[in-house]
Structures are given as C-alpha cells and as structure tokens.
Chemist: 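Have a look at the structure that comes next, please.
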Amino acid sequence: MRVVRSVAELRIAVKAMREQGLRIGFVPTMGYLHEGHAALIRQSANRCDATVVSIYVNPTQFGPTEDLAKYPQDLEADQNLCLRLGVSLLFLPDTQEMYPSNFQTFIEPGRVAEPLCGKYRPGHFRGVATVVAKLFNMVQPDLAFFGQKDLQQTAVVKRMVRDLNLAVDIAVVPTIRETDGLAMSSRNVYLTPEERRRALSISLALFSAESAFRAGERDAPRLQALVQECLWGVDVLQYCELVDAQSLETIVGQVDRSAALCVAAFVGSTRLIDNILLNPHPEAQGILGVGVSQ
Ligand code: PAF
C-alpha cells in the first residue's frame, strides 16, 4: 500500500494506475475507521481493480460549536486496516494541501441539503460537497463508495454528480451495525457505557417501525409516531422524519414510494444519526441499493 500526502504525488500514482487500465474505486473518509468503512473498502475491492482511501477531517463541514477539535483519530490503526483490506493507495492530505491560503471557491448544494441535518448543521453539506468534489477531481475515481447511514450526504453527493456532470458513479452501501443494532459511527466512541445503552433506543425504534411497515402499516404519521414513542433513551431529538428516499421531501399520508425514516438525536453531548429504508415495492430493485447511480 502506497501512502501519499500531497496532491502532486496522488496524481502521479493515480495516473500510473490509469495507464495500467485499472478501474479505480474511491472511499473518502475522515478516519477512525470502523467496520462501516471496512464494508465500503471491501465493496470497492470487489468491484474495482484498485482502491484509493482518503483520510481527512474536513474543517469546512463542521460548525463552530461542533466536534472538529476532538474528532477521534487513530492513524496507525487506520493504516493497518487499509493494509489488511488491500487498499492500493492511502491519501493523507493536511489542511494546507486541501485548502491552501486564499481558498475561496465552494460548492453550494440545493434543496436536497435543506431538510433533516441541513436544518441543524448550516453549512455542513456545503463543506461536504466542496471537499468531495475536490477529492473526486484529485482521485478521478470510476466509482466512489458512501454509507447509507449518511443518507442525506449520499443524496447531496449524487445530486452534485448529476448536476455538475462529474465523471464518477456513486455506490451506496448498507449501514453496518453493532451486533445489538447500533449503527456504526466514529462518534460512538464518545458515548459513556450508560449513554451507549440509551443510544440503542434509536436503532430499536427504527426497527419497530420497519416491522410495522413489513406488517403492512403505510401511514406515514403513524410510522413516525411509532419511532418517536420508542426513543426513550435520547436526550434531545432533533428530527424524526419520514422522507422520500431520493428527494428527501417529507412524505405526508401514505408511503407509496421508496422512503426513509431518519432520526438525529443527542445522547449526552453526542449527536447520532440513523435511518432505515422502507420500500413498498421491494420487488423493484433497491432504490439506494448497493447499486450505482449517476
Ligand atoms: O462521511 C464522511 O466521513 C465525510 O463526510 C466525507 C465524505 C469523507 C467528507 O469529508
């Protein structure tokens, strides 16, 4: 596995891969890798000839009161995991490399970035879209992999790829969970054991709505209420929304198209998000699926 820190070195390494005719998969991350990231890397390894992973804690996607300064890091463990998973190229830029002085150009996502997390994290998706576009331009991957846990991020990135005609396909990989159901997240490390127990109520609440949906419940307010009733462990609920899985617009009335039930909540001082997909027509191929969209 080659480790590079500058865009210049990255470009040379990527060019060499291209010249060998390799199909390049890309997994952008902020490090502190867990099984969720491993699933993305494995998918890339299965579907591409070479995998590039980036680790960069992107300051432009953090609000002034968020956890940028304390975001967890363990570069040695991350490098070992990437090595074990057969990553070809690990890109570790610093902020001088990503945002040289006088940087002033950003990508402004549209409506898709407004609801859900967009309401509570102003500027977050502008930062995500900007850094992802920059990374795409640097790596020029054929296929890039994102986790379904960050549902709105996947929608913003897909919209950007379409709107700006970026030459990359986006694959969305299902959420990986702890054995008890908690969605994997680098931020889970912030939870005390007691908070960890309470955090579980988020996934369990979503699973209960999923069971009701499977049993035939299609009424959006009732499904939403079911989740809310089960969120006994959270301290502050930011949102619990049933949305169209593509546009992220709120579904009122019946769930008659692919939908997602999305929750963001604080447990102690840790902000957690999770979602489940509800598909009334499962026979039609997965909406976000492990599929590829362009
Ligand atoms: O999902 C993440 O870890 C980040 O938002 C990403 C896509 C690496 C951009 O910084």
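Note that ligands are numbered from 1 as they come in the structure, with each ligand's atoms numbered from 1 the same way. Values below: every heavy atom of this structure, side chains too, minus hydrogens, waters and symmetry copies.
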Chemist: Specify the protein heavy atom at minimum distance from atom 9 (C) of ligand 1: its residue, its atom name, and the distance to 0.1 Å.
Modeler: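 Of every protein heavy atom, Q61 OE1, 3.3 Å lies nearest to atom 9 (C) of ligand 1.
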
Chemist: Any side-chain donor paired with an acceptor under 3.5 Å for Y190 and S269?
Modeler: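 S269 and Y190 do not have a side-chain donor-acceptor pair below 3.5 Å.
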
Chemist: Of all the non-hydrogen atoms in the protein, which one sits nearest to atom 7 (C) of ligand 1, and at what distance?
Modeler: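 The closest heavy atom on the protein side is Q153 NE2, 3.5 Å.
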
Chemist: Suppose we measure from atom 3 (O) of ligand 1 to each protein heavy atom; which comes out shortest, and what is that distance?
Modeler: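 Protein heavy atom at minimum distance: M30 CG, 3.5 Å.
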
Chemist: Would you check if the side chain of D74 reaches a backbone N or O of Y32 as a donor-acceptor pair within less than 3.5 Å?
Modeler: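 Not a single qualifying donor-acceptor pair exists.
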
Chemist: Go through ligand 1 atom by atom and flag the ones less than 4.0 Å from a non-hydrogen atom of T29.
Modeler: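 Selected atoms, number and element: 8 (C).
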
Chemist: Classify the angle between the aromatic ring planes of H34 and H37 as parallel (below 30°), tilted (30 to 60°) or perpendicular (above 60°).
Modeler: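 Aromatic pair H34/H37 classed tilted.
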
Chemist: Give a yes or no on whether the backbone of L278 and the side-chain of E210 come within a donor-acceptor separation of less than 3.5 Å.
Modeler: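 Such a contact is absent between E210 side chain and L278 backbone.
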
Chemist: Tell me which pairs pass salt bridge (Lys or Arg N to Asp or Glu O under 4.0 Å) where either residue lies in residues 179-192, with sequence neighbours left out.
Modeler: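 Of all non-adjacent pairs touching residues 179-192, those that pass salt bridge (Lys or Arg N to Asp or Glu O under 4.0 Å) are D67-R187, D180-R196.
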
Chemist: Give the atom numbers and elements of ligand 1 that come within less than 4.0 Å of a heavy atom of V131.
Modeler: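 Taking each heavy atom of V131 in turn, ligand 1 has 9 (C), 10 (O) under 4.0 Å.
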
